[in-house]
Number of protein chains: 2
Amino acid sequence: MTINEIAKMAGVSRATVSRYLNDGYVSKEKSERIKQVIDETGYTPSVSAKLLRSHRTNLIGVIIPKISSDSISRMISGISEILSKEDMQLMLACTQNDENEELKYLKTFNDNHVDGIILLGTIFTAAHKKLLKEMPTPVVILSQKLEGYSCIYSDDYHAAYSLGSHLAKTSKKVGMLMVSERDIAVGVNRRNGLLDSLKKGGVKVDPSCIRTTGFTMKSGYEQTEILLKEHPEIDTLICATDTIASGAIKCLHDKKISIPKQIQVTGFGDSSVSSAISPALTTVRFYYEEAGREAASILLKRIDGKEKSVIKEMQLAYDTVIRESTRV
Amino acid sequence: MTINEIAKMAGVSRATVSRYLNDGYVSKEKSERIKQVIDETGYTPSVSAKLLRSHRTNLIGVIIPKISSDSISRMISGISEILSKEDMQLMLACTQNDENEELKYLKTFNDNHVDGIILLGTIFTAAHKKLLKEMPTPVVILSQKLEGYSCIYSDDYHAAYSLGSHLAKTSKKVGMLMVSERDIAVGVNRRNGLLDSLKKGGVKVDPSCIRTTGFTMKSGYEQTEILLKEHPEIDTLICATDTIASGAIKCLHDKKISIPKQIQVTGFGDSSVSSAISPALTTVRFYYEEAGREAASILLKRIDGKEKSVIKEMQLAYDTVIRESTRV
DNA sequence: TGAATATGTGAAATCGTTCTCACATCTTCA
DNA sequence: TGAAGATGTGAGAACGATTTCACATATTCA
């Protein structure tokens with residue numbers, strides 16, 4: 001079924017059918033004839049043909065590093081809350097933390113003319129910046145800061161600073177399970193916030209007590225083992241994410257080390273696991289849904305062309321959530 | 001930049017450029033001229049124009065009920081393992097457990113000519129069946145059984161049966177936190193497998209000890225509270241998923257009920273949370289990655305047209321994983 | 001009444017590819 | 001040598017919509 005056949009059956013030109021489908025600038029009489037034919041035939045316009053001319057899809061591409069992350073899923077729920085109101089659909093692409101996949105999907109989304117892209121990026125390489133610059137599709141960056149782009153990110157430095165200040169009061173020897181410094185938000189900002197606040201609070205952190213882990217429970221478990229072997233006197237273990245912390249806690253359980261009495265443990269993110277484990281994890285809550293909503297709103301504005309050149313940057317609030325895994 | 005301009009610049013017809021880009025049936029001399037022009041201009045063919053003619057996208061649509069589920073993320077990792085080998089890309093659509101969203105995305109994927117769809121469905125309504133029948137795009141159903149379609153699903157009945165047989169030995173009074181029976185795999189098959197095996201093992205389950213929960217921790221927590229209020233003598237709590245079980249365990253912790261001494265608890269799925277919590281959860285492991293790989297392989301075969309009409313059904317294996325949350 | 005404006009319509013161009021077909025040239029082999 | 005096959009090429013017709021333009025016809029207003 002094509003628009004031509006519909007036109008023929010309704011006894012009008014295909015332009016009229018097109019108008020009927022779009023702006024509705026059609027007389028009542030023909031309008032009804034067309035409606036009837038469409039109802040009878042179950043015709044739906046070809047998306048690809050439409051795309052070739054008009055380049056509007058009502059689709060938003062969202063690129064995420066991994067599925068199955070609490071923080072990501074919350075950002076996405078914020079995004080879709082806004083977008084579904086505007087009758088736009090979400091296409092997710094998961095890169096499994098692979099930078100090349102990220103580039104590929106960026107390109108795919110652009111080629112397929114999604115109306116906009118939200119990039120939940122992690123690491124930005126030169127290739128990223130080049131591609132982003134070349135792409136006509138509007139992009140909003142979520143959870144990282146990138147110069148020259150609209151981006152929404154949490155204030156990792158101050159969140160970490162605040163947590164560190166709290167912990168400084170009750171810590172003598174601090175161990176840290178951080179992530180790669182290529183990840184600016186999580187790897188650098190959280191680390192710096194912690195180190196600065198601990199220093200201010202009079203706690204010195206031995207560089208060999210800071211270990212780099214992956215974003216997994218397993219990695220948290222393993223690095224905790226190594227850390228404790230080298231520094232058994234540690235009484236505070238600060239983890240870069242809740243997932244890492246839950247691995248650490250599991251390890252401490254297995255070693256019969258009491259939490260928080262012997263070692264207190266903290267995470268970041270207030271993911272669902274943080275309240276599911278025992279002891280419940282002291283952590284930092286970021287306003288992920290809000291971040292998602294903001295990102296989507298900004299993107300929509302740029303798509304509408306209202307704020308094409310305006311680059312908006314936004315830092316989101318945080319709360320420190322004190323639970324059972326810390327002293328005091 | 002269009003193929004016409006490239007053709008003009010290279011002094012050939014656009015058909016030749018098209019051949020250069022596709023089958024390569026071009027003389028060496030012209031081939032080089034074209035290559036040079038393309039390199040200079042950075043030309044990339046328009047995906048939408050290509051689509052209008054050829055209807056091949058190298059895209060596979062995957063519809064999931066929610067992001068941030070361990071089982072789903074493992075299936076997806078299985079899927080993408082197979083697809084990335086074939087240079088196909090994955091588009092995810094998340095329905096947030098909304099049937100209408102599921103229909104919408106099914107339609108969107110079909111309209112945008114993805115090469116195939118993997119539907120991680122939950123509930124099939126008449127509207128689903130109608131739409132699926134109308135769509136030309138090949139679909140494989142994952143994790144549920146649907147008559148007339150290729151589907152891969154885990155053997156929930158026997159998995160539950162096996163778990164139930166194990167628990168029957170050490171249980172007197174069983175409570176169950178199940179999910180809606182509209183979800184055949186999780187809501188019906190698991191429940192039946194459990195009830196049949198318990199009966200066989202001589203354990204009668206009072207219908208009022210079976211409660212219906214949502215798929216969340218919160219729901220697990222709340223229903224556990226209600227269940228214990230009504231039936232404090234329960235000594236075994238079987239949950240339909242690990243997530244529900246982790247909510248239940250949290251509740252038991254709060255009530256200072258010892259696990260597994262007073263009440264033993266089990267889940268389904270062997271998600272990462274099941275080993276993160278304490279006590280570590282006895283659960284059933286399904287081969288989710290394998291399921292994903294199978295689904296992708298079958299889909300690819302159907303896309304290649306090799307097995308267009310062949311409907312394949314497949315049940316996947318399971319293991320019972322005994323951990324600390326059960327007696328024995 | 002006649003000009004200006006609003007309203008509706010269809011023919012034809014356009015979007016940027018792929019694909020079919022006809023045709024040319026070059027090998028190969030009996 | 002001449003027919004059959006391989007190899008390479010371009011013209012032009014799809015693919016199925018939107019959009020521009022020109023042209024009716026109906027309405028409004030001085």
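Only heavy atoms go into these numbers, but all of them, side chains included; no hydrogens, no water, no symmetry mates. Per chain, numbering begins at 1; letters A, B, ... match sequence-line order.
Contacts between residues 49-61 of chain A and DNA chain C, counted as heavy-atom distances below 4.0 Å, involve A:Leu52, A:Arg53. Remark: nothing in residues 25-34 of chain B comes within less than 4.0 Å of DNA chain C through any heavy atom. Taken residue by residue, residues 11-24 of chain B places heavy atoms nearer than 4.0 Å to DNA chain C at B:Arg14, B:Ala15, B:Ser18, B:Asn22.
Each end of the helix from C:dT1-D:dA30 to C:dA30-D:dT1 gets its own axis, taken as the rotation carrying the C1' atoms of four end pairs onto the next four within a five-pair window, and the two axes meet at 40° to the nearest 10 degrees.
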Would you tabulate the side-chain donor-acceptor contacts of residues 293-300 of chain A under 3.5 Å, counting partners in other chains and residues two or more places apart, or write 'none'?
from: A:Arg293; atom 1: NE; to: A:Glu290; atom 2: OE1; distance (Å): 3.3
from: A:Arg293; atom 1: NH1; to: A:Glu81; atom 2: OE1; distance (Å): 3.2
from: A:Arg293; atom 1: NH2; to: A:Glu290; atom 2: OE1; distance (Å): 2.9
from: A:Ser297; atom 1: OG; to: A:Arg293; atom 2: O; distance (Å): 2.8

Check residues 123-131 of chain A and write down every donor-acceptor pair under 3.5 Å in which the side-chain atom is one partner and the other belongs to a residue at least two apart or another chain.
from: A:Thr125; atom 1: OG1; to: A:Ala127; atom 2: N; distance (Å): 3.3
from: A:Thr125; atom 1: OG1; to: A:His128; atom 2: N; distance (Å): 3.3
from: A:Thr125; atom 1: OG1; to: A:His128; atom 2: ND1; distance (Å): 2.7
from: A:His128; atom 1: ND1; to: A:Thr125; atom 2: N; distance (Å): 3.2
from: A:His128; atom 1: NE2; to: A:Glu102; atom 2: OE2; distance (Å): 2.8
from: A:Lys130; atom 1: NZ; to: A:Glu134; atom 2: OE2; distance (Å): 3.2

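Remark: A:Glu147 pairs with no residue by the salt bridge (charged side-chain N to carboxylate O under 4.0 Å, His left out) rule, at least two apart or across chains. In terms of the salt bridge (charged side-chain N to carboxylate O under 4.0 Å, His left out) criterion, residue partners of A:Glu289 (sequence neighbours excluded) are, by chain and number, A:Arg74. A:Asp115 is linked by a salt bridge (charged side-chain N to carboxylate O under 4.0 Å, His left out) to A:Arg56, counting only residues two or more places apart in sequence or in another chain.
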Identify each atom pair where a protein N or O and an N or O of nucleotides 22-24 of chain D are less than 3.5 Å apart, giving names and distance.
none

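Interface limits on DNA chain C: the 5'-most and 3'-most nucleotides within less than 4.0 Å of chain A heavy atoms are C:dT7 to C:dG16.
Between A:Glu101 and A:Lys104 there is a salt bridge, with a side-chain nitrogen of the basic residue lying less than 4.0 Å from a carboxylate oxygen of the acidic one.
In this structure, a donor-acceptor pair under 3.5 Å is present between the side chains of A:Tyr153 and A:Glu313.
Each ring pair (Phe, Tyr, Trp, His ring centres under 6.0 Å) pair with one or both residues in residues 37-76 of chain B, not counting sequence neighbours, appears once here: B:His55-B:His113.
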